[in-house]
Amino acid sequence: MRTRRTIAAALSVLALTAVAACGKEAAPASDTTAKLPTYTVKTDAKVEGSKTFDEAKKRGKLIIGAKADQPFLGFENVASGTREGFDIEIAKMVAADLGFGPDKIEFKTIVSANRETSISNGQIDYYVGTYSITPARKEKVSFAGPYYVAGQDLLVLKDKAEYTGPESIKGKKVCSATGSTSVKQIEKFAPVMPVTQYDTYAACVEKLLSDEIDAVTTDDAILKGFAAKNPGKLKVVGKTFSQEPYGIGVSKDDAAFQKAVAAALKAHEDNGDWKKAYDATLGLSGAAAPEIPALTN
Ligand code: GLU
């Protein structure tokens, strides 16, 4: 009896590990989508004095900037044509409070380097995609948040025991995304060969898998997703060397809209949606749910 129970327990652990390792794509759709919360769409939403809101209402949909290559965070499932991940859920919960259901959202893929411009020229209404709140960016855009705090880390091939932290990659070939905080910080922490830069982290991961570079560096939350998608091949070093407070990027010229987005975020953190969304997305990459940071923007 005892043995049978032990075997059953071991099997269920294995099954859970398999789901965590394979992530959403490989798991049967019902396994993960069932746990995603749905958000009540407000029918009487109003944002007094907001140009962004008025224009979205007039066009009948919200246009939200997001990432498309970051598993468990902002990922476009090309086969099903859907977007999935924690950032996508954050985008949706805020949209619901503004009166826009999932069928009234158009996601636009915007890479790290193009975020400020796409927000300030009105190409998108807001942006949700591992977007660190920094003083330099606040000169150009406003933020609502933080809704999560990540830390910069390193992703390396699993058998590379010599990589233990930023100091261990001095003089090595490191890859990151153009326009990210990660590029600047790695140059500060460890003089590396000129950082190889691509538009996306997915492009860096390809170069790591083919052993053309030594490490990918960016937020641990992003790297854990890639590691979970490539079990047995990649690992996150696990020694963070920065704080990356994620915010929702909005226009600097629309204080009313920024306030409404921050209020919506707070409401969904308080009613448990944040935690449910986290567990059904980023939590599957193996990162335990952290404390929700207090909003400062
Ligand atoms: N959070 C960092 C940043 O905003 C790195 C991740 C990214 O590029 O999205 O630059």
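Atoms within a ligand are numbered from 1 in the order they appear, just like the ligands themselves. The chain is numbered in sequence order, starting from 1.
- When hydrogens are left out, the protein atom nearest atom 4 (O) of ligand 1 is R137 NH1, 2.8 Å; that is the closest non-hydrogen contact.
- Side-chain contact of T217 with Q152: a donor-acceptor pair under 3.5 Å is present, judged by distance alone.
- The closest side-chain donor-acceptor pair between S50 and D254 falls under 3.5 angstrom.
- Residue contact check: T218 has heavy atoms under 4.0 Å from atoms 5 (C), 6 (C) of ligand 1.
- Residue-to-ligand polar distances place T130 within reach of ligand 1: an N/O pair is separated by less than 3.5 Å.
- Of the protein's non-hydrogen atoms, the one nearest atom 2 (C) of ligand 1 is T181 OG1, 3.2 Å.
- The hydrophobic cluster containing I110 also contains F143, counting ILVMFWY residues as joined when their side-chain heavy atoms lie under 4.5 angstrom apart, directly or transitively.
- Within the 4.0 Å heavy-atom shell around ligand 1 one finds I222.
- The cluster map of Ile, Leu, Val, Met, Phe, Trp and Tyr, joined by side-chain heavy atoms under 4.5 Å apart, puts Y163 and I186 in the same cluster.
- Interface of Y246 with ligand 1, defined as ligand atoms under 4.0 Å from a residue heavy atom, comprises 1 (N).
- Checked by distance only, ligand 1 and S132 come closer than 3.5 Å through their nitrogen or oxygen atoms.
- In Q185, neither the side chain nor the backbone holds a heavy atom less than 4.0 Å from any atom of ligand 1.
- Applying the disulfide (SG to SG under 2.5 Å) test to every pair with at least one member in residues 116-182, sequence neighbours left out, gives these pairs: C175-C204.
- Atom 7 (C) of ligand 1 has its closest protein heavy atom at Y201 OH, 3.2 Å.
- Residue S112 has at least one nitrogen or oxygen atom sitting less than 3.5 Å from a nitrogen or oxygen atom of ligand 1, judged on distance alone.
- Within 6.0 Å of CD in E55 there are more than 12 heavy atoms belonging to other residues, nucleotides or ligands.
- Taking every non-hydrogen atom of G129 and a distance limit under 4.0 Å, the qualifying atoms of ligand 1 come out as 9 (O).
- Counting only N and O atoms by type, the side chains of D219 and Y246 include a donor and acceptor under 3.5 Å apart.
- Within the listing of ligand 1, atoms 3 (C), 4 (O), 7 (C), 8 (O), 9 (O), 10 (O) sit less than 4.0 angstrom from a heavy atom of R115.
- Of the heavy atoms in D219, only side-chain atoms (C-beta onward) come closer than 4.0 Å to ligand 1.
- Taking a cut-off of under 4.0 Å to the non-hydrogen atoms of S182, the atoms of ligand 1 that pass are 5 (C).
- Close N/O approach between K67 and ligand 1 is found [any backbone or side-chain N/O within under 3.5 Å].
- In terms of N/O distances under 3.5 Å, ligand 1 is not approached by S180.
- Side-chain contact of E116 with Y131: a donor-acceptor pair under 3.5 Å is present, judged by distance alone.
- A salt bridge is defined here as a Lys NZ or Arg NE, NH1 or NH2 lying under 4.0 Å from an Asp or Glu carboxylate O, and K58 with D54 fails to meet this definition.
- Relative to the six-membered ring of F100, K57 meets both conditions, a distance below 6.0 Å and an angle of at most 45° to the axis.
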